[in-house]
**Q** 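Have a look at this one before I ask anything.
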Amino acid sequence: MGKLEGKVAIVTGAGSGMGRATSILYAKEGAKVVLAEFNEVSLNETLEEIKSTGGHAVAIKTDVSKEADVEAMIKKALDEFGKLDILANVAGIADDLTSIENYTNELFERVMAVNVNGPFYASRAAVKVFKEQESGGTIINVSSIAGFLGARGGAAYTMSKHALIGLTRHIASFYGRNNGKIRANAIAPGSIITGMTKKDPSHIDKIGMEAFSDLGPFNSGVPEDIATSALFLASDDSKFINGEVLTVDSAWTVR
Ligand SMILES: NC(=O)c1ccc[n+]([C@@H]2O[C@H](COP(=O)([O-])OP(=O)(O)OC[C@H]3O[C@@H](n4cnc5c(N)ncnc54)[C@H](O)[C@@H]3O)[C@@H](O)[C@H]2O)c1
């Protein structure tokens, strides 16, 4: 029996990288998965891949920065499967290590809208569902080591990933007291090779690159390295873990 047998999960950013790997692993472990993603092509690729291996999934085109889209995403889980057990907030965008002096309002607003407003809208709706259910539910927020360090992203990326850790701790401390039926944990990946890291480096901010280069060499992982942690935090194996940040970075931040 899979570790998520009988569970219903939503995964945002399901079309690429960690969101895709997490969706596939959740389905393999028996969950019914709602795939949420704003790129329709990659969304359908993940859907087809899960279906071809006999997994259960449905897809909904979602821009997590839009509250109405996020509400529709939660409704999709309830309409299709009658409940929601797991919300994995994985969708996010990077900011080319942009230094504050070079930050435009447009970029700031976009990064915060996707990386903070999205998980905020989704977590608010999910917590309401979890409260109604006897079984509760669990949230996994994909933050970053930029969520507690300064030179792993630009200004708003760093701010946004710090904010996600705050959201995680808020939910765990306000709603976790009832035998931990409602849980929220964060994952802080180090460097993972995905669509995000494969971007054209010519746009990277010069000041940001200088700060980043000072950090020295590090190991890079693959999306599946994060999916396995997202599975652990979604499953009952972690039922006594609430409000934690799991760093998955192959020792980058302990040096
Ligand atoms: N790759 C890394 O090294 C790294 C390190 C630490 C944290 N992270 C975080 O991991 C998460 C996943 O990133 P990834 O590396 O897999 O990147 P990725 O670019 O491969 O995947 C992100 C997915 O999110 C989707 N997305 C972007 N904006 C969206 C929106 N508004 N609504 C819905 N979907 C949207 C993209 O289309 C894409 O499919 C992000 O939150 C990122 O900040 C990445």
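Ligands are counted one by one from 1 in listed order, and the atoms in each one are counted from 1 as well.
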**Q** Just so I know, are the side chains of Ile207 and Glu101 near enough to count as touching, which here means a heavy-atom distance under 4.5 Å?
**A**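 Yes - at least one pair of side-chain heavy atoms lies under 4.5 Å apart.
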
**Q** Could you verify whether a donor N or O on one side chain and an acceptor N or O on the other, from Thr247 and Asp249, lie under 3.5 Å apart?
**A**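 No.
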
**Q** Can Asp95 and Tyr103 be counted as having a side-chain donor-acceptor contact under 3.5 angstrom?
**A**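 Their side chains do contain a donor-acceptor pair, which is all the 3.5 Å distance test asks for.
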
**Q** Taking 4.0 angstrom as the limit and counting only heavy atoms of Asp63, give me the atoms of ligand 1 inside it, by number and element.
**A**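 Close to Asp63: 30 (C), 31 (N), 32 (N).
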
**Q** Can you tell me if Ser238 and Arg183 form a side-chain donor-acceptor pair at under 3.5 Å?
**A** yes

**Q** For residues Leu87 and Met73, report the shortest heavy-atom separation together with the two atoms involved.
**A** CD1-CE, 4.2 Å

**Q** Output the list of atoms in ligand 1 that are nearer than 4.0 Å to some heavy atom of Val142, sorted by atom number.
**A**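 This gives 9 (C), 10 (O), 11 (C), 41 (O) as the contact atoms.
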
**Q** Between Asp237 and Lys239, is there a side-chain N and carboxylate O pair less than 4.0 Å apart?
**A** no

**Q** Would you say Ile93 touches ligand 1, if touching means a heavy atom closer than 4.0 Å?
**A**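 The answer is yes: ligand 1 sits under 4.0 Å from a heavy atom of Ile93.
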
**Q** For the ring pair Phe212 and Phe218, is the centre-to-centre distance below 6.0 Å?
**A**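 Ring centres of Phe218 and Phe212 closer than 6.0 Å.
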
**Q** Relative to the heavy atoms of Thr62, which atoms of ligand 1 are at a distance of less than 4.0 Å?
**A**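 Matching atoms, with element in brackets: 32 (N), 33 (C).
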
**Q** Any side-chain heavy atom of Asp236 within less than 4.5 Å of one from Lys7?
**A**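 Of all side-chain heavy-atom pairs linking Lys7 with Asp236, at least one is under 4.5 Å.
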
**Q** How close does the nearest protein non-hydrogen atom get to atom 26 (N) of ligand 1, and which residue and atom is it?
**A**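 Protein heavy atom at minimum distance: Phe38 CE2, 3.8 Å.
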
**Q** If you have a sec, work out which protein heavy atom is nearest atom 16 (O) of ligand 1 and how many Å separate them, to one decimal?
**A**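 Heavy-atom neighbour on the protein nearest atom 16 (O) of ligand 1: Met18 N, 2.9 Å.
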
**Q** Under a 4.0 Å heavy-atom limit, does Arg20 contact ligand 1 with its side chain, its backbone, both, or neither?
**A** neither

**Q** Below 4.0 Å from ligand 1: does a non-hydrogen atom of Arg110 turn up there or not?
**A**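 It does, in that a heavy atom of Arg110 comes within the 4.0 Å cut-off of ligand 1.
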
**Q** Does the Gln133 side chain pair with the main chain of Leu84, one donor and one acceptor, at a distance under 3.5 Å?
**A**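 Flag set: sc Gln133 to bb Leu84 pair under 3.5 Å.
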
**Q** What's the shortest distance from atom 38 (C) of ligand 1 to any protein heavy atom, and which residue and atom give it?
**A**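 That would be Glu37 OE1, 3.5 Å.
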
**Q** Please tell me whether Thr194 and Arg20 have a donor and an acceptor in their side chains that are separated by less than 3.5 angstrom.
**A**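 No, no side-chain donor-acceptor pair sits under 3.5 Å.
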
**Q** Is a side-chain donor-acceptor pair under 3.5 Å present for Asn141 with Thr168?
**A**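 There is such a pair between these side chains.
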
**Q** Consider every N or O of Pro189 and every N or O of ligand 1, then say whether any pair is closer than 3.5 Å.
**A** no

**Q** Ignoring hydrogens, just give me the one of Lys198, Met196, Lys199 whose non-hydrogen atom is nearest atom 19 (O) of ligand 1.
**A**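 The option holding the nearest heavy atom is Met196.
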
**Q** Near Ala91, which atoms of ligand 1 are under 4.0 Å from a heavy atom of that residue?
**A**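 Ligand 1 atoms under the 4.0 Å threshold to Ala91: 24 (O), 34 (N), 35 (C), 41 (O).
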
**Q** Would you check whether Ser16 has a nitrogen or oxygen atom less than 3.5 angstrom from a nitrogen or oxygen atom of ligand 1?
**A**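 Such a contact does occur with ligand 1.
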
**Q** Under a 4.0 angstrom heavy-atom cut-off, which atoms of ligand 1 come close to Val90?
**A** 11 (C), 12 (C), 40 (C), 41 (O)

**Q** Would you check if there is a donor-acceptor pair between the side chains of Thr98 and Asn102 at a distance under 3.5 Å?
**A**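 There is no such pair between these side chains.
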
**Q** Please list the nearest protein heavy atom to atom 15 (O) of ligand 1 with its residue and the distance rounded to 0.1 Å.
**A**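 The protein heavy atom lying closest is Thr194 OG1, 2.6 Å.
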
**Q** Heavy-atom contact check, 4.0 Å cutoff: does Pro223 meet ligand 1?
**A** no

**Q** Mark the output for Arg152 as yes if a heavy-atom distance to ligand 1 is under 4.0 Å, and as no if none is.
**A** no

**Q** For ligand 1, is there an atom lying under 4.0 Å from some heavy atom of Ser143?
**A** yes

**Q** Could you tell me whether Gly19 and ligand 1 have an N or O pair separated by under 3.5 Å?
**A** no

**Q** For Glu210, does the CD atom sit with more than 12 other heavy atoms under 6.0 Å from it, leaving out its own atoms?
**A** yes

**Q** Would you mind listing which atoms of ligand 1 come within a distance below 4.0 Å of any non-hydrogen atom of Ser191?
**A**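 Those qualifying, in numeric order: 3 (O).
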
**Q** Which residue owns the protein heavy atom closest to atom 32 (N) of ligand 1, what's the atom, and how far is it?
**A** Val64 N, 2.9 Å

**Q** Go through the steps to decide whether Ser99 and Asp205 satisfy the test side chain to side chain donor-acceptor pair (under 3.5 Å), and finish with yes or no.
**A** CA-CA 7 Å; Ser99 54; Asp205 186 278; 3.1 Å; yes

**Q** Considering only protein heavy atoms, which is closest to atom 24 (O) of ligand 1, and at what distance to one decimal place?
**A**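 Among all protein heavy atoms, the one nearest atom 24 (O) of ligand 1 is Gly13 CA, 3.5 Å.
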
**Q** Tell me which pairs pass ring pair (Phe, Tyr, Trp, His ring centres under 6.0 Å) where either residue lies in residues 161-200, with sequence neighbours left out.
**A** His170-Phe174

**Q** Heavy-atom distance under 4.5 Å between the side chains of Glu49 and Ile24, does that happen here?
**A** yes

**Q** Would you tell me which option among Ala36, Gly92, Gly17, Gly15 has the nearest heavy-atom contact to atom 22 (C) of ligand 1?
**A** Gly92

**Q** Considering only heavy atoms of Thr197, which atoms of ligand 1 have at least one such atom less than 4.0 Å away?
**A**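 Those qualifying, in numeric order: 1 (N), 2 (C), 3 (O).
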
**Q** Is Val114 close to ligand 1, meaning an N/O of one under 3.5 Å from an N/O of the other?
**A**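 In fact, backbone or side chain, Val114 has no N or O that close.
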
**Q** May I ask you to identify the nearest protein heavy atom to atom 8 (N) of ligand 1, giving residue, atom name and distance to one decimal place in Å?
**A** Tyr157 OH, 3.5 Å

**Q** Tell me, which protein residue and heavy-atom name are nearest atom 2 (C) of ligand 1, and how many Å apart are they?
**A**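 Of the protein heavy atoms, Ile192 O, 3.5 Å lies nearest.
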
**Q** Which of the numbered atoms in ligand 1 are under 4.0 angstrom from any heavy atom belonging to Gly190?
**A**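 Listed by number with element, the hits are 3 (O), 4 (C), 5 (C), 6 (C).
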
